[in-house]
Amino acid sequence: MAVLFPEGAAQRTTVQRASNEIYDVVIVGGGVAGAIIAKQLSQQGKHVLIVESGLGEDITLASYEGYVNDYFGTAMKDNQSPYPRNPNSPMPRSTDARKITPGIPDTTGYLVQNGPFCTDTTYTRVLGGTTMHWEGKTPRLLPDDFTLRSSFGVSEDWPLPYSEIEHYYQIAECEMGVSAEVADQTYLGVTFPEGYVYPMHGLPLSYLDQQVDKGIRGSTVRIGEERFTLEVRPYPQARNGIPNKAYRYPQTHNSPNKVYMERQGYVPVGAVSTSQVELGERCQGNNNCVPICPVQAKYHAGKTLAQALQSGKVELLAQTVASKVHINPENGYVTHIEVKTYNDSNSPEYTASAVHGKVFVLAANAVENPRLMLASGLGGSSGLMGRNFMDHAYLLCWALMPQICGTMRGTNCTGGIVGLRNGQFRSKQAAFSVDIHNDGWGWAVGSPASDLLSLVDSQNKFGRDLRRGLIDQISRQLLLAFMIEMLPDPSNRVSVDPSYTDRLGNMKPVISYHIPEYTMRGAAYARRFAQLVFQRLGAADCTQYDPSDYGFVAYEGQGYVIRGGNHLAGTHIMGTSKSSSVVDVNQRSWDHQNLYLVGGGSMPSIGTANVTLTIAALCFRTAEAILKELN
Amino acid sequence: MLPTEITTIDKLYDYLFAAMQLEHATIPPYLTALYSIHPGTNSDAAHILRVVVVEEMLHLTLAANIFNAVGGQPTLIDEEFVPSYPTYLPDGEKDFMVSLQRFSLGAIEIFLKIERPAKAPDENSRLIKQPTAGRSFINRVLRHRGIDAQYYSIGEFYAEIGRGLDYLAETLGPEKLYTGDRAKQANSEYYYSGGGELFEVTDHDSAKAAIDLISGQGEGLDGGIYDKEGELAHFYRFQQLICEQYYKPGDLPGEPTGPPLSVDWTAAYPIEQDSRVEHYKDSPELYNAAVAFNRAYADFLKTLTTAFNGQPQLLLDAVPQMFQLRGKITQLINNPIPGKEGLNAAPTFEVAPFLKEMQK
């Protein structure tokens with residue numbers, strides 16, 4: 001099914017119009033969180049304004065393909081490479097990461113990094129947000145991830161259990177179009193209601209996945225008293241596959257086309273454009289999911305945004321950066337948000353104005369939300385605004401398989417080893433899930449470009465030898481990416497400092513970050529685990545960690561390189577009281593009754609699941625709460 | 001009940017076979033035009049051509065579903081299945097020629113002729129009875145099966161099939177007509193997306209709906225520019241390129257009011273029109289590549305035939321085959337023909353010798 005982006009919608013609303021209106025809801029941020037809330041509210045007749053800092057262009061096929069072509073043409077294929085530099089709405093880029101000298105903040109990039117650990121984490125400030133570069137994996141959190149304190153004596157429990165969010169996971173899986181089989185995803189306590197099926201059938205495991213599975217299936221590892229059996233399982237993914245005929249749209253979800261509510265079977269949502277196109281309704285295996293799917297088979301928030309805009313009740317003010325939240329000091333209510341609207345990304349000129357609403361939602365992500373609040377002087381009564389900054393710590397281990405495995409056939413990741421996502425060991429060390437990377441050693445060392453350079457420049461190969469060498473080298477690459485849990489630690493934080501501002505005069509985020517020992521213990525185990533797996537596969541371990549790497553961390557006499565996962569969380573943590581948390585169970589601010597801080601920042605734990613599905617589920621829940629309040 | 005030439009099931013099979021050939025016949029010209037576009041240019045035109053091709057394949061699959069539903073055995077590997085280009089297609093009193101050629105204004109104008117809705121002015125003109133040279137594609141195909149008939153337009157040809165289904169359902173009874181094994185039906189699980197939903201044909205209503213969809217998307221006889229499923233008819237999709245503007249729902253024919261689109265008619269490779277592998281005799285590499293494509297295309301038709309005869313899941317296998325066909329086509333189109341200055345090679349679709357081999 002094609003999704004029409006209403007022509008001109010990105011330009012229709014002017015600053016003058018927006019500042020004269022009192023909206024039902026003002027949403028800061030046009031990413032997945034903002035788009036979902038806008039869609040849900042507008043379909044119930046609410047008048048919504050979305051303020052987006054990125055460029056204000058309609059999502060047309062031509063503009064999207066422009067991003068794809070920019071990506072193809074760029075020499076450095078980092079995860080932000082399709083998106084142009086915009087000093088008025090700057091974003092962190094992994095190419096900005098530098099090793100931090102203790103005591104000297106690194107101000108090279110957009111994020112000011114105090115360290116001691118330098119993160120290369122990124123997020124994307126364009127319409128559609130970070131779903132414009134995400135990989136698209138959508139595992140659910142495990143039930144035990146919600147009860148870390150009661151189950152393992154570490155961290156805190158969520159203020160709601162898995163069972164209360166399960167229904168919203170279903171709605172999120174519908175909205176994003178997830179391909180998976182319930183049988184594959186029922187493990188480690190995850191449950192589904194009787195008869196539930198995912199919208200689309202699971203994407204097949206790659207040949208590489210199958211070779212790894214063959215080598216490890218049935219073998220076990222032991223941590224403490226527990227034994228874990230190893231196998232490769234498929235991951236659920238938000239990209240279009242074979243629609244499941246038995247699928248039923250969830251009851252409370254407003255499906256994009258009412259016709260399908262009565263019919264059984266999922267209708268894949270394809271590319272977005274201003275005119276009818278037929279594209280992206282099934283994944284082709286292009287394998288550049290990160291950063292950009294050439295055909296839009298992968299979900300991006302533009303698909304939800306387009307539907308929200310179709311309602312006629314959503315207005316979009318793009319090229320508009322929120323700069324200050326104003327409150328009524330007597331009751332703490334937000335009265336308005338000051339914004340700066342720029343015409344041209346090449347010029348620092350802007351128009352200052354204010355946007356008004358009955359309810360305000362900050363959906364700008366776990367770094368930008370607290371940044372804005374702190375820059376507005378609204379640290380809150382808990383003192384936790386910006387604190388407990390979490391991101392998954394990634395440890396990469398790579399090897400050369402003894403046989404050709406067809407590496408480089410997409411999607412980026414179809415399967416992994418997930419049996420160690422839970423266990424009693426979590427009372428002492430971090431759990432992890434292991435991604436098998438279908439794009440080989442790309443993330444670790446820059447394959448396949450690095451292989452080409454090595455074969456040509458160092459080994460002087462050409463012609464048939466070069467072709468053979470490339471096949472031999474690249475098609476046997478196995479990269480295991482360990483996604484390691486991080487617990488909230490108040491000293492990991494996002495703050496602001498007036499000495500660091502961007503071109504529009506907004507304070508930049510200042511990150512203070514170290515990798516907690518709990519996580520490093522998990523990383524150390526992960527390294528040994530990888531060695532074990534490579535042994536069982538007969539693969540040659542090629543992992544190397546360079547002490548001069550910006551992500552180098554020494555732990556118990558060993559060195560590791562930790563990479564950021566872009567799964568940002570914790571900075572406006574959810575909890576049961578205003579002294580120990582920033583938002584309540586509906587993501588509403590304790591201190592400001594008409595303000596919601598939504599997104600990863602609300603999550604009290606990230607477990608070993610990529611955060612987007614959970615963010616989406618929480619936002620569907622929050623939309624219900626906002627509707628109740630408005631009615 | 002309206003009069004019809006289709007009075008027996010065997011005649012129905014012949015007409016359905018002709019329908020499948022007809023739906024397929026436009027795919028080589030559309031694909032050739034599509035892949036002749038310079039990469040990185042003409043994004044709008046490329047998407048329009050591509051979606052039309054995908055929809056033709058949908059029609060082909062639906063026709064196979066109807067064929068299976070009435071107990072027939074669809075085949076795409078009959079020696080005559082792929083025409084020799086240029087080939088004639090019907091257009092009222094006068095036929096016109098369709099070639100394999102590069103993307104150009106002329107090519108799009110021919111495509112418009114192919115897709116133009118043309119309803120016969122009256123009942124008597126539907127079926128052209130006067131003796132003709134028998135050049136029309138439909139006429140040739142039907143003659144190959146022993147039927148001598150020529151239709152005013154493609155739309156009238158499909159209307160005839162609809163009449164035939166009505167007649168046979170009425171005279172034989174639906175249970176004697178729709179005897180096909182349901183397991184042979186292709187549905188949207190295996191069919192790779194695009195333009196209208198594929199559905200199983202199991203009874204008279206679904207058979208009529210299938211004929212409606214096939215003729216509605218290409219050739220709407222009722223004048224609306226969007227069909228029942230909300231899909232823009234092919235004629236109007238192509239017309240957008242001439243108008244350099246997109247249609248949107250509510251627009252009148254000929255007056256699109258959607259976003260503008262841009263076309264660069266010069267940004268296409270100068271491929272030889274209606275090329276033949278024998279033109280490459282003096283360049284062995286080019287000759288081999290051209291022959292390899294023809295063989296691969298024959299294999300693709302074989303995969304589809306097997307899929308349509310009880311193994312619909314093979315439609316999934318057809319997808320990587322299509323990507324490989326694209327690779328072979330672009331390889332030919334990128335190569336100049338030695339000795340023919342200014343002309344590039346092209347896929348020739350001379351598959352008959354390979355199809356003949358498959359019969360043995």
Side-chain angles (χ1 to χ4, degrees), chain A residues 1-2 4-10 57-70 72-73 200-201 203-204 240-247 257 259-260 263-271 273-286 294-297 310 409-410, chain B residues 39-55 57-58 187-200 217 225-234 236-237 240-241 245-249 251 256-262 312-313 315-316 319-320 322-323 326:
Chain A
M1 189 190 81
L4 281 181
F5 189 94
E7 196 198 341
E57 281 159 5
D58 285 349
I59 300 182
T60 64
L61 199 54
S63 66
Y64 188 91
E65 289 183 340
Y67 287 148
V68 177
N69 284 327
D70 285 347
F72 285 150
M200 293 171 282
H201 288 288
L203 297 184
N240 290 327
I242 297 178
N244 193 324
K245 280 197 300 207
Y247 184 73
N257 183 337
V259 164
Y260 299 109
R263 255 201 324 229
Q264 233 181 347
Y266 187 77
V267 179
V269 175
S273 192
T274 48
S275 60
Q276 209 179 40
V277 289
E278 308 289 345
L279 193 64
E281 285 160 32
R282 204 162 290 191
C283 172
Q284 300 174 351
N286 280 294
V295 299
Q296 301 185 54
Q310 277 168 24
R409 286 167 186 250
Chain B
T41 70
N42 281 316
S43 161
D44 297 294
H47 280 288
I48 286 171
L49 280 163
R50 191 186 161 274
V51 68
V52 172
V53 171
V54 171
E55 282 172 2
M57 296 228 42
L58 173 73
N187 59 40
S188 62
E189 266 194 62
Y190 300 127
Y191 184 74
Y192 187 100
S193 84
E197 214 178 281
L198 180 61
F199 54 88
E200 297 185 353
Q217 276 186 340
I225 70 174
Y226 286 87
D227 71 10
K228 277 197 277 259
E229 274 79 15
E231 302 287 338
L232 187 61
H234 294 178
Y236 298 103
R237 286 199 197 267
Q240 290 171 135
L241 292 174
Q245 194 165 8
Y246 281 105
Y247 274 106
K248 53 177 209 263
D251 279 349
T257 65
L261 64 86
S262 63
Q313 75 283 359
L315 287 178
L316 292 177
V319 175
M322 286 192 268
F323 279 111
R326 176 178 75 178

Carefully, step by step, assess R282(A) and V319(B) under the rule side chain to side chain contact (heavy atoms under 4.5 Å, CB included).
CA-CA 11 Å; R282(A) 204 162 290 191; V319(B) 175; over 6 Å; no
Exercise for the section: Report the C-alpha distance between Q284(A) and F323(B) in whole Å, list the side-chain angles of each, state the deciding distance to 0.1 Å, and finish with yes or no for side chain to side chain contact (heavy atoms under 4.5 Å, CB included). Expected result: CA-CA 10 Å; Q284(A) 300 174 351; F323(B) 279 111; 3.6 Å; yes
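Q245(B) CD to S275(A) OG: the interatomic distance, rounded to the nearest 0.5 Å, is 11.0 Å.
Contacts of A62(A) classified as side chain to side chain contact (heavy atoms under 4.5 Å, CB included), with partners at least two apart in sequence or in another chain: T60(A).
Across S43(B) and E65(A), no two heavy atoms sit closer than the pair OG-OE1, 2.6 Å. Pairing each heavy atom of P243(A) with each of S188(B), the nearest pair is CD-O, 4.0 Å. Annotation for H47(B) and L279(A): closest pair CE1-CD2, 3.5 Å, computed over non-hydrogen atoms. Shortest non-hydrogen contact noted between N187(B) and K245(A) is ND2-NZ, 3.4 Å.
Options L61(A), N244(A), N69(A) differ in how many heavy-atom pairs under 4.5 Å they form with chain B, and the most are formed by L61(A).
With a 4.5 angstrom heavy-atom cutoff, L316(B) touches chain A only via side-chain atoms.
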